[in-house]
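The structure appears right after this line, and notes come after that.
Atoms within each ligand, like the ligands themselves, are counted from 1 in listed order. Sequence positions, counted from 1, serve as the residue numbers for this chain.
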Amino acid sequence: MSAFLSSPKIVIVGSGPAGCYAAQFLRKQWPDGELTIVDSQLAPYGLVRNGIAPDHQGTKAVTRQFDRLFERQNVHFRGGVEIGRDVPYAFLADNFDVVVLATGVEADRTLPIPTDPRADVRGAGSLMRALNGDPTVNDTLSPIGSRAIIVGTGNVAIDVARMLTAPMSHFRGSDVDDTTLQQLRAVAVERVDIVGRSSLAQAKFDIAMVKELSRLDGVNVTTHARPSESNNEIVTLLQEGGTAGNVQVVFHFNTSPDSVEFRDGTTILNVTDPQGRHAFEVDSIITAIGFEASTTRPDQTEIINRPNVFLTGWRRRGAVGALAANRRCAQEMSAEIGAAIQQGVIQVHADGLAALDAETTPVRPIDFPGWRRIDTHELSNATADRTRTKVTRLDELRRIGTSTATDTTNSQHAAPSTACDSDDTQRTAL
Ligand SMILES: Cc1cc2nc3c(=O)[nH]c(=O)nc-3n(C[C@H](O)[C@H](O)[C@H](O)COP(=O)(O)OP(=O)(O)OC[C@H]3O[C@@H](n4cnc5c(N)ncnc54)[C@H](O)[C@@H]3O)c2cc1C
């Protein structure tokens, strides 16, 4: 697309894949436009850093193309600024020509069934954040126990099953947060059941994910699905049982959770399947049934209907779709912004980043060189067999990010090890 005469000043809220893909398309459209990405986290890249499984380094490597935005394409990063708390949303809409909301959808959806509050029920998203060293969730975690049950049959459910059952050697070359991994697995996990309401044929996971799980050493993956239910590749794979091992992973389809009880120190998931009612007595339940808007994030309604405000990624479509879907969404939205400016719906005259920087001085945002200092620190402090060891304390991240002693902007980066890269490129959904 040819460049428009007026170059707008654009702020993107959220540096996850949706925000970064949006910046790529907007930069193509306006090579000279001012582009700024703001994030409440001190480090960029949203769920690529804090959600995607730490043993899927191949997928996480998308950050290398996002890095180029800041290194070569004059996109500005401001980390550690929560819009709606540190700066009102209306301030952005007043001081930038265009505001893009790429803020994602981050809270684990809770089970819509009666649940005893004493039962051990955890959200898969929060668990994956902890395993990724996200400083906003990294509290001390109790062990998952020898028997766990995962509710949900999407790819995130399989990520969790793999993180809980894989032999420790599997994590070679990952950037898993070892403290969290050891806390969760302090008691040896013996069995993980995975239950979902859908039939096997309708389950949302990708076959590559099930294959990866079934190939783990010492993990025996099976299903109670009947041969007649489906003859697809997954049922054959699951009925063959994977590698022989001490850890059992058992899939249950057509199984609806009814209630969660807590009796004599045991968490119980009551379910109904085609054979009747059953109870799973477990140590913990992990819910992997999707995501919803967080109630702790500031409200965006004050600006949502303004003509210069656009949505992309999970914030636009809800929590569905993998990386590629966010790229398509960003392309579409970028064309909408182009059309709005061409048609004169949006006037180009704002102060942009200069106004934001003046407003946010007290919160000391992290710029891209600041993130590079954190990045270099994490890479060079990687413990044995790890690609990086993340800094999990906010004060420490801020100290490194704002230090001026060593500017590592142009330092060479160790290429991430691909020792445990899996063939997860076919992942299409959650
Ligand atoms: C556990 C898990 C595993 C996944 N694994 C894969 C995978 O293997 N492959 C794959 O292709 N996809 C995977 N996905 C899906 C992928 O992560 C999403 O498609 C993608 O991250 C959505 O991008 P987004 O930018 O919309 O949201 P996010 O990545 O969530 O980014 C939103 C950003 O906005 C910031 N933000 C929110 N509110 C504010 C505010 N008020 N002020 C400033 N900043 C704010 C957040 O801090 C965050 O950085 C996975 C998802 C999850 C949850």
Any atoms of ligand 1 less than 4.0 Å from a non-hydrogen atom of Gly51? List them with their elements.
1 (C), 2 (C), 3 (C)
Using a 4.0 Å cut-off to any heavy atom of Tyr89, which atoms of ligand 1 qualify?
40 (C), 41 (N)
Sub-3.5 Å N/O-N/O distance, Trp314 and ligand 1
yes
Going by the atom numbers of ligand 1, which of them fall below 4.0 Å from some non-hydrogen atom of Asp159?
3 (C)
Please determine if Arg373 and Glu378 form a salt bridge, counting it only when a charged side-chain N lies under 4.0 Å from a carboxylate O.
no
By number and element, which atoms of ligand 1 are closer than 4.0 Å to a non-hydrogen atom of Ala18?
23 (O), 24 (P), 25 (O), 26 (O)
With atoms numbered from 1 as shown, which atoms in ligand 1 lie under 4.0 angstrom from a non-hydrogen atom of Asp39?
33 (C), 34 (O), 35 (C), 43 (C), 44 (N), 46 (C), 47 (O), 48 (C), 49 (O)
Subset of ligand 1 atoms that lie under 4.0 Å from at least one heavy atom of Leu323:
10 (C), 11 (O), 12 (N)
Does Arg197, at its CZ atom, have more than 12 non-hydrogen atoms belonging to other residues, nucleotides or ligands within less than 6.0 Å?
no
Any side-chain donor paired with an acceptor under 3.5 Å for Arg317 and Asn326?
yes
I'd like to know if Glu106 contacts ligand 1, where contact means a heavy-atom distance under 4.0 Å to any ligand atom.
no
If we only consider heavy atoms of Phe291, is any one of them less than 4.0 Å away from an atom in ligand 1?
yes
In terms of side-chain geometry, is the basic nitrogen of Asp375 or Arg372 positioned less than 4.0 Å from the acidic oxygen of its partner?
yes
So, do Phe251 and Phe205 have ring centers that fall under 6.0 Å from each other?
yes
Closest heavy-atom approach to atom 28 (P) of ligand 1 among Leu47, Leu127, Thr59 is made by Leu47
Judged by atom type as modelled, is there a donor-acceptor pair below 3.5 Å linking the side chain of Arg398 to the main-chain atoms of Arg364?
yes
Non-hydrogen atoms of Gly321 versus ligand 1: any pair closer than 4.0 Å?
yes
Counting heavy atoms only, which part of Arg297 comes closer than 4.0 Å to ligand 1: side chain, backbone, both or neither?
side chain
Atoms in ligand 1 with a heavy atom of Gly14 nearer than 4.0 Å:
33 (C), 34 (O), 35 (C)
Between Ser174 and Gln57, does any side-chain donor sit less than 3.5 Å from a side-chain acceptor?
no
I'd like the name of whichever of Ala43, Gly46, Ala102 reaches closest to atom 32 (C) of ligand 1 through any heavy atom.
Ala102
Can an N or O of Asn326 be found at a distance shorter than 3.5 Å from an N or O of ligand 1?
yes
Check if Val81 has a non-hydrogen atom at a distance under 4.0 Å from any atom of ligand 1.
yes
Atoms of ligand 1 close to Ala322 [distance to a heavy atom under 4.0 angstrom, numbered from 1]:
10 (C), 11 (O), 12 (N), 19 (O)
Among Arg306, Gln300, Glu302, the one residue meeting side-chain hydrogen bond (donor to acceptor under 3.5 Å, both in side chains) with Tyr89
Gln300
Assign the ring pair Phe70 / Tyr45 to parallel, tilted or perpendicular, where the plane angle (0 to 90°) is split at 30° and 60°.
tilted
I'd like the name of whichever of Gly16, Gly313, Pro17, Ser294 reaches closest to atom 23 (O) of ligand 1 through any heavy atom.
Pro17
State whether Arg162 and Asp159 are salt-bridged, where the test is any N-O pair (Lys NZ or Arg NE/NH1/NH2 against Asp/Glu carboxylate O) under 4.0 Å.
yes
